[in-house]
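The structure appears right after this line, and notes come after that.
Every value quoted in this text rests on a predicted model; they were computed, and no experiment measured them. Numbers restart at 1 for each chain; the letters A, B, ... are given by sequence-line order, proteins then strands.
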Amino acid sequence: MVRPTILWLRRDLRLHDHPALLAAHEEAGSGGVLPLFVVEPGLWDGAGEVRRRWLAQSLQALAASYDHRLVLRYGDPASVVPAVAAEVDARAVHVTRESTPHGRRRDAAVERALGDVPLRATGTPYAVAPGRVLKGDGTPYAVFTPFARAWHDHGWPGPADAPRRIRWAASDSDDQAVTAVSDAADGEQLVQPGEDAALGRWDDFVEEAVAAYDTDRDRAAVDGTSRISPYLKLGVVHPRTLLQRIAHLRSNGAATMRTELAWREFYADVLWHHPRSAWHDLRPALTGMDYDEPGDLVDAWKAGRTGYPFVDAGMRQLLATGWMHNRVRMVTASFLTKDLHVWWPIGARHFLDHLVDGDLASNNHGWQWVSGTGTDAAPYFRVFNPVTQGERFDPDGDYVRRWVPELRHLDGKAVHQPWKHADGHAHGYPERVVDHAEERREALRRYEAVR
DNA sequence: TGATTATTTGA
DNA sequence: CAAATAATC
């Protein structure tokens, strides 16, 4: 009697450097590993089109690398996973350990529902497991820089062994999941799906761009960032693999790249210790802050029609591609929270709905950083000037012209202040919805009131 | 991983 | 008096 194990996939859609897959393989013996992905209604139905497309295409690429044995099911994992386990008489269900509030609740519910079938968690989506790095007194770090130092000193193992001849077990997908995924998979994508594409992208980046990353990553019009985040979001690559491939590099660019990966680990660690910070102010510093209710101005912000070119370019890039340059994320977030005086979760929700790399911990804590409510956050008085930021990080105006066609007739950095040119608004570009200088003062007044 | 304003510096 | 630097929000 041979019994398979189930590998229930979530944020680990890859073949290599996959400890949970190796553990499932080890335990299964000749019974084989049944790879299962559950399309969760709560996560799938609310996701934007571009986000769904990225997941769908990533699943198709994964299926190909799993000899097309990947099983897709639609429904609540607490009923679906035990049902599949019963169908195939599974020995155990293997997963990569989750650290988000939803993931932890869900996995606990699945474990209860599985009854006698054990749920075995191996590894995490991080180089160092969230919660592992602690201060000398046993409490978590609240400030990034000391965390990053301790994280680096803690170190991490090298990539897991390459799997050798995994024996896959077989079962059927359900129609609803198959249809959902195949319908969603149509269309262009920011980057190519799949593990091979991810590793290729990273190798290109290491070869061509990482040395200049510390300066080029801030230039909105330059393809100076790695664009590896959509892969990290779904675990198409493991950060350990990425870190290993830049470990021998001593350039400032490589160091900055390691620091960016450390930010991802830091925010996952913060979320592990403070699950409520996903959607609530982490620090009570701004309790009682006077926010405006979302209205027409927020709609203008979402549509990229605020009249501030750098902001609008970013918001349109987000809608069109499911991605936004990180510098512009900070500027657009500052605009919503400090020029429009809207509470950060409104913006965080919009980003998460559309970003193909939308990761709860990184996204929402990034928003808290901008709004001044996060741990180690920007001080409340730090307000980005959308014009100055545009002129500094898109000095030639190419980024704005790429995403805001109504401004293509303006040359150079003139695009950043169309109101200064007689024909600036000649092609339908909207007037500024607010006056930045005035709203900056208003933001400072409101912050002052709760200080 | 700011911006603004006041102040100092140096051609 | 423009540009660097410091102080302040």
Side-chain donor/acceptor pairs under 3.5 Å, residues 410-419 of chain A, sequence neighbours excluded:
from: A:His416; atom 1: NE2; to: A:Gly390; atom 2: O; distance (Å): 3.1
from: A:His416; atom 1: NE2; to: A:Asp394; atom 2: O; distance (Å): 2.9

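Cation-pi check for A:Arg327 over A:Phe393 is met; the charged atom lies under 6.0 angstrom from the ring centroid and within 45 degrees of its normal. A cation-pi arrangement, defined by a distance under 6.0 Å to the six-membered ring centre and an angle within 45 degrees of its axis, is absent between A:Arg132 and A:Trp151.
Partners of A:Asp281 under the side chain to side chain donor-acceptor pair (under 3.5 Å) rule, at least two apart in sequence or in another chain, are A:Trp343, A:Trp344. With sequence neighbours left out, the side chain to side chain donor-acceptor pair (under 3.5 Å) criterion links A:Thr388 to A:Asn385. Evaluation of the side chain to side chain donor-acceptor pair (under 3.5 Å) rule for A:Arg240 yields A:Asp17 as partners, not counting sequence neighbours.
Contacts of residues 218-232 of chain A with DNA chain B (heavy atom under 4.0 Å): none. In the region residues 325-343 of chain A, proximity to DNA chain B at under 4.0 angstrom, judged on heavy atoms, holds for A:Arg327, A:Met330. Residues of residues 354-392 of chain A having a heavy atom closer than 4.0 Å to DNA chain B, listed by number: A:Trp369, A:Phe381, A:Arg382, A:Val383, A:Phe384, A:Asn385, A:Gln389, A:Arg392.
Nucleotides of DNA chain B with any atom under 4.0 Å from a heavy atom of chain A span, from 5' to 3', B:dT1 to B:dT4.
The stretch residues 38-53 of chain A participates, sequence neighbours left out, in these salt bridge (charged side-chain N to carboxylate O under 4.0 Å, His left out) pairs: A:Glu40-A:Arg106, A:Glu49-A:Arg53. Residue pairs meeting the salt bridge (charged side-chain N to carboxylate O under 4.0 Å, His left out) criterion with at least one member in residues 336-354 of chain A, sequence neighbours excluded: A:Arg349-A:Asp353. Within the structure, the salt bridge (charged side-chain N to carboxylate O under 4.0 Å, His left out) test picks out the following pairs touching residues 255-270 of chain A (sequence neighbours left out): A:Arg217-A:Glu260. Evaluation of the ring pair (Phe, Tyr, Trp, His ring centres under 6.0 Å) test over residues 205-225 of chain A, restricted to residues two or more places apart or in two chains, returns A:Trp202-A:Phe205, A:Phe205-A:Tyr213.
Side chain to side chain, A:Gln317 and A:His325 fail the donor-acceptor criterion of an N or O pair below 3.5 Å.
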